[in-house]
There are 2 protein chains.
Amino acid sequence: MEDKFDPLLLENQLCFPLYAVSKALVRQYEPLLSELNLTYTQYIVMLAMWEKKTLSVNDIGAMVHLDSGTLSPLLQKLEEKGFLDKTRGQDGRKRLISLTEEGANLKEKAKDIPLKIGNCLHLTPDEAKCLYSLCYKTLGWLE
Amino acid sequence: MEDKFDPLLLENQLCFPLYAVSKALVRQYEPLLSELNLTYTQYIVMLAMWEKKTLSVNDIGAMVHLDSGTLSPLLQKLEEKGFLDKTRGQDGRKRLISLTEEGANLKEKAKDIPLKIGNCLHLTPDEAKCLYSLCYKTLGWLE
DNA sequence: CTTAAATAAATTGCATACAATATAACAGTA
DNA sequence: TACTGTTATATTGTATGCAATTTATTTAAG
């Protein structure tokens with residue numbers, strides 16, 4: 001007489017461990033990022049900016065999967081911290097976001113963060129690649 | 001002359017796709033859960049309650065990885081919705097959370113949700129198992 | 001019994017997330 | 001050109017997350 005499989009047990013969820021590990025990992029970043037005066041969300045926006053130098057709000061949103069409701073106040077804060085500038089482009093609707101010199105210099109201070117985070121994951125390179133691929137594969141179906 | 005590997009490119013992050021897929025997946029739940037008058041976080045608390053029937057706030061927190069700062073107002077809302085009851089145990093510091101009849105009945109209405117979510121993931125059973133295991137393995141190292 | 005230390009929840013303050021709405025500016029058309 | 005529809009961003013409202021603090025209660029020591 002085996003128990004019937006209950007799809008509503010917490011341990012039978014797939015989303016829940018994703019949700020839990022995502023939050024736990026973000027918490028690992030916070031002490032490292034606070035030294036740069038950044039939160040995790042601000043950090044991924046800075047990653048996008050270090051990569052592209054100048055972007056519209058929508059461009060950033062497409063890269064980091066956030067909408068203007070989240071980005072508007074967040075970009076405001078990064079501007080107040082002196083890391084970003086906002087200007088108007090030819091198209092007056094767009095706000096062009098660009099790095100200040102201070103914002104660009106911050107990349108140097110961030111360079112050790114990925115390794116430090118990687119070290120606390122305890123995944124083999126293959127496991128990390130597998131996790132990475134499965135996340136992107138799933139993400140591809142959800143948008 | 002190959003480009004040097006830049007660990008600060010968005011595409012070289014492991015946390016970022018986890019963070020993005022977690023949010024995207026939670027968004028998939030929202031339209032299904034709104035029919036039950038639940039948010040995703042409220043749903044995982046209800047999963048814990050359906051499983052254990054009675055729990056303290058800390059017990060729930062340990063199961064779903066949330067602290068009292070998040071749970072206190074959330075449990076308040078679930079109580080107002082009529083899904084949960086709060087009582088005092090022998091230990092007057094603890095609040096014992098239990099299911100109301102309405103809360104218990106809600107499980108029947110939720111029973112198809114896991115399958116619906118599973119269908120939109122487009123992962124093979126092996127891939128799902130792999131993703132599940134890697135999340136729990138990582139989670140184990142982060143707390 | 002009294003009081004200091006520990007524990008359980010709740011509260012506060014700040015920073016997301018995101019749906020829905022509003023606003024501003026551009027683009028196409030009669 | 002005046003009007004309409006579209007696009008880009010900002011604003012509003014609700015619900016988390018979580019660190020830090022506070023409050024209530026219990027436990028342990030003296």
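Each chain gets a letter, A, B and so on, in the order the sequences are listed, and its residues count up from 1.
- Residues B:Leu115 and A:Pro7 form no side-chain contact, since every pair of their non-hydrogen atoms from C-beta on lies 4.5 Å or further apart.
- Within the structure, salt bridge (Lys or Arg N to Asp or Glu O under 4.0 Å) pairs that include any residue of residues 110-128 of chain A comprise A:Glu108-A:Lys111, A:Glu127-B:Lys137 (at least two apart or interchain).
- For B:Arg93, the side chain to side chain contact (heavy atoms under 4.5 Å, CB included) test picks out B:Asp91, with sequence neighbours left out.
- The pair A:Arg95-A:Asp85 does not count as a salt bridge, with every side-chain nitrogen at least 4.0 angstrom from each carboxylate oxygen.
- Residues forming a side chain to side chain donor-acceptor pair (under 3.5 Å) with B:Glu11 (at least two apart in sequence, or on another chain): none.
- The nearest pair of heavy atoms linking A:Gly82 to A:Thr100 is O-OG1, 2.5 Å.
- A heavy atom lying under 4.0 Å from DNA chain C marks the following residues of residues 79-94 of chain A, by number: A:Gln90, A:Asp91, A:Gly92, A:Arg93.
- Around the NZ atom of A:Lys109, the shell of radius 6.0 Å holds no more than 12 heavy atoms that belong to other residues, nucleotides or ligands.
- If you walk DNA chain C from 5' to 3' and mark each nucleotide with an atom closer than 4.0 Å to a heavy atom of chain B, the marks span C:dT7 to C:dA19.
- For B:Asp59, the side chain to side chain donor-acceptor pair (under 3.5 Å) partners are B:Ser56, not counting sequence neighbours.
- Less than 4.0 Å separates DNA chain C from at least one heavy atom of each of the following residues of residues 51-78 of chain B: B:Ser56, B:Val57, B:Asn58, B:Ser68, B:Gly69, B:Ser72.
- Residues meeting the side chain to side chain donor-acceptor pair (under 3.5 Å) test with A:Glu102, sequence neighbours left out: none.
- In this structure a side-chain-to-backbone donor-acceptor pair under 3.5 Å is present from B:Glu51 to A:Leu10.
- Looking at B:Leu131, B:Thr138, B:Leu139 one by one, the single match for side chain to side chain contact (heavy atoms under 4.5 Å, CB included) with B:Cys135 turns out to be B:Leu131.
- Across residues 20-50 of chain B, B:Thr39, B:Thr41, B:Gln42 each have a non-hydrogen atom less than 4.0 Å from an atom of DNA chain D (numbered order).
- Scanning DNA chain D 5' to 3' for nucleotides with an atom closer than 4.0 angstrom to a non-hydrogen atom of chain B gives a first and last hit of D:dA15 to D:dT26.
- Counting heavy-atom neighbours within 6.0 Å of B:Glu101 CD, excluding the residue itself, gives a total of 12 or less.
- Here B:Asn105 pairs with nothing under the side chain to side chain donor-acceptor pair (under 3.5 Å) rule; sequence neighbours left out.
- At least one side-chain heavy atom of B:Thr41 sits under 4.5 Å from a side-chain heavy atom of A:Tyr19.
- Contacts classified as ring pair (Phe, Tyr, Trp, His ring centres under 6.0 Å) and involving residues 44-65 of chain A (residues at least two apart or in different chains) are given here: A:His65-B:Phe16.
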